[in-house]
Amino acid sequence: LFSTGAADSCQVTVTQPRFQEADYSTHTVFLACAFSASGCSSSPPQVLWFRFLTNEHEDLCTPGCTDHQKYRVHVLSENNISLQINDLTVDDNAVYICGIAFSDSSSPHSKQTGDGTVLTKTEKQHSNGKPFFIFMIIASSLLFLYSTTVFTFFVVYKKLSSGRKIFQAIAQELQKQRYAEHCQQPDDLEDDTVYQNR
């Protein structure tokens, strides 16, 4: 049980750039994440990173990174962090979500995520702009689905002990909503997208 005090009024706000592009020659990229916290404890929060692809969702750092060669979290200042992605390829094009959690607080606002950053690395040659356009449509759709499940995310968070379980719960909810809307999207969107094999 939590005692009545500052921790119970903890409120977190997370902000991320909506889009970030990388040139085909870029090998390393840094995704920014900033947060503000009021009424929270002085202990450092957990920093979580997830990514949403067209057909799958992955936990990258929750808070430990699954691949330390590929991903690294940097604390730039007290309220600014970044995710470093190495060996960048077009396969890394996805929506990246930053989450901040003060796990020692009982406040429902002590665990929040940003709106997500759509990362796109361009290929060296473009036959046309259709694949990129389709990816942007899908990414925007994922961001919309994500925003409708944030509340569910934090309800589940309080009941689960690890970042991986937290992410799996979000992914399951997103997949349910994505399947519900799938019939409203033209079939050729999935056929044309460069992410169909992921």
Side-chain angles (χ1 to χ4, degrees), residues 1-20 29-53 56-68 70-85 94-119 139-178:
L1 295 177
F2 288 86
S3 60
T4 302
D8 290 331
S9 63
C10 178
Q11 185 161 344
V12 177
T13 301
V14 183
T15 57
Q16 295 180 248
R18 208 60 185 272
F19 301 98
Q20 184 162 335
V29 70
F30 294 85
L31 303 182
C33 176
F35 70 94
S36 61
S38 61
C40 302
S41 67
S42 58
S43 61
Q46 285 189 324
V47 179
L48 313 174
W49 281 95
F50 314 104
R51 76 172 178 177
F52 294 79
L53 299 158
E56 65 178 312
H57 318 292
E58 298 177 350
D59 52 337
L60 303 180
C61 302
T62 58
C65 295
T66 56
D67 185 343
H68 294 281
K70 181 74 173 178
Y71 308 107
R72 183 173 298 179
V73 176
H74 296 279
V75 178
L76 306 178
S77 65
E78 185 178 359
N79 298 102
N80 290 274
I81 56 179
S82 69
L83 176 67
Q84 176 182 342
I85 305 175
V95 181
Y96 290 79
I97 308 293
C98 172
I100 300 294
F102 284 84
S103 56
D104 57 356
S105 171
S106 61
S107 168
H109 303 293
S110 64
K111 305 167 183 66
Q112 299 291 338
T113 62
D115 290 334
T117 297
V118 179
L119 173 64
S140 298
S141 175
L142 285 173
L143 285 174
F144 172 76
L145 292 175
Y146 151 77
S147 66
T148 63
T149 59
V150 171
F151 179 76
T152 302
F153 170 71
F154 295 117
V155 170
V156 173
Y157 186 99
K158 295 173 67 177
K159 300 179 181 179
L160 300 177
S161 59
S162 70
R164 179 174 292 275
K165 289 182 180 179
I166 295 166
F167 175 75
Q168 289 173 345
I170 305 171
Q172 289 174 0
E173 184 64 23
L174 281 168
Q175 286 176 328
K176 289 178 184 177
Q177 295 193 26
R178 181 164 176 79

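- The line from OG of Ser36 to CD of Gln112 is 10.0 Å long, rounded to the nearest 0.5 Å.
- A donor-acceptor pair is defined here as one N or O able to donate and one able to accept, closer than 3.5 Å; such a pair exists between the side chain of Thr117 and the backbone of Pro17.
- His74 contributes atom NE2, which lies 5.5 Å from atom OG of Ser82 (distance to the nearest 0.5 angstrom).
- Qualifying side-chain hydrogen bond (donor to acceptor under 3.5 Å, both in side chains) partners for Gln20, counting only residues two or more places apart in sequence or in other chains: none.
- Listed here is the closest heavy atom pair of Ser41 and Phe102: O-CE2, 3.7 Å.
- The main-chain N or O of Ser107 is never found under 3.5 Å from a side-chain atom of Gln11 such that the two would form a donor-acceptor pair.
- Every residue meeting the side chain to side chain contact (heavy atoms under 4.5 Å, CB included) condition with Asn79, not counting sequence neighbours, appears here in chain and number order: Phe35.
- Here the closest heavy-atom approach between residue Ala37 and residue Val12 is recorded as CB-CG2, 4.3 Å.
- Applying the side-chain hydrogen bond (donor to acceptor under 3.5 Å, both in side chains) rule to Ser77 yields the partners Asn80; only residues at least two apart in sequence or on another chain are considered.
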Do Ile85 and Tyr96 pass the side chain to side chain contact (heavy atoms under 4.5 Å, CB included) test, and can you show the C-alpha distance, the side-chain angles, and the key distance before you say yes or no?
CA-CA 11 Å; Ile85 305 175; Tyr96 290 79; 3.6 Å; yes
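- Taking 4.5 Å as the limit, every side-chain heavy atom of Leu83 sits out of range of all side-chain heavy atoms of Cys98.
- Within the 4.5 Å cutoff, no side-chain heavy atoms of His57 are placed close to those of Arg51.
- Here Ile100 contributes atom CD1 and Ile81 contributes atom CD1; the two are 4.0 Å apart, rounded to the nearest 0.5 Å.
- Side-chain contact check for Arg18 versus Asp115: some heavy-atom pair is nearer than 4.5 Å.
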Under the criterion side chain to side chain contact (heavy atoms under 4.5 Å, CB included), I'd like the reasoning laid out for Thr62 against Trp49: C-alpha separation, chi angles, the key distance, then a yes or no.
CA-CA 6 Å; Thr62 58; Trp49 281 95; over 6 Å; no
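- Taken from CG in Leu31 to CG in Leu60, the straight-line distance is 9.5 Å, to the nearest 0.5 Å.
- Checking side-chain atoms of Gln84 against main-chain N and O of Val29 turns up no donor-acceptor pair under 3.5 Å.
- Taking CG from Leu119 and CZ from Phe19, the interatomic distance works out to 12.0 Å, rounded to the nearest 0.5 Å.
- Counting only distance, with no hydrogens or angles, the side chain of Lys111 and the backbone of Ser105 share a donor-acceptor pair below 3.5 Å.
- The two residues Cys61 and Pro63 come nearest to each other via the heavy atoms CB-O, 3.4 Å.
- In this structure, NE2 in His109 is found 11.0 Å from SG in Cys40, a value given to the nearest 0.5 Å.
- The closest side-chain heavy-atom distance from Val14 to Cys33 is below 4.5 Å.
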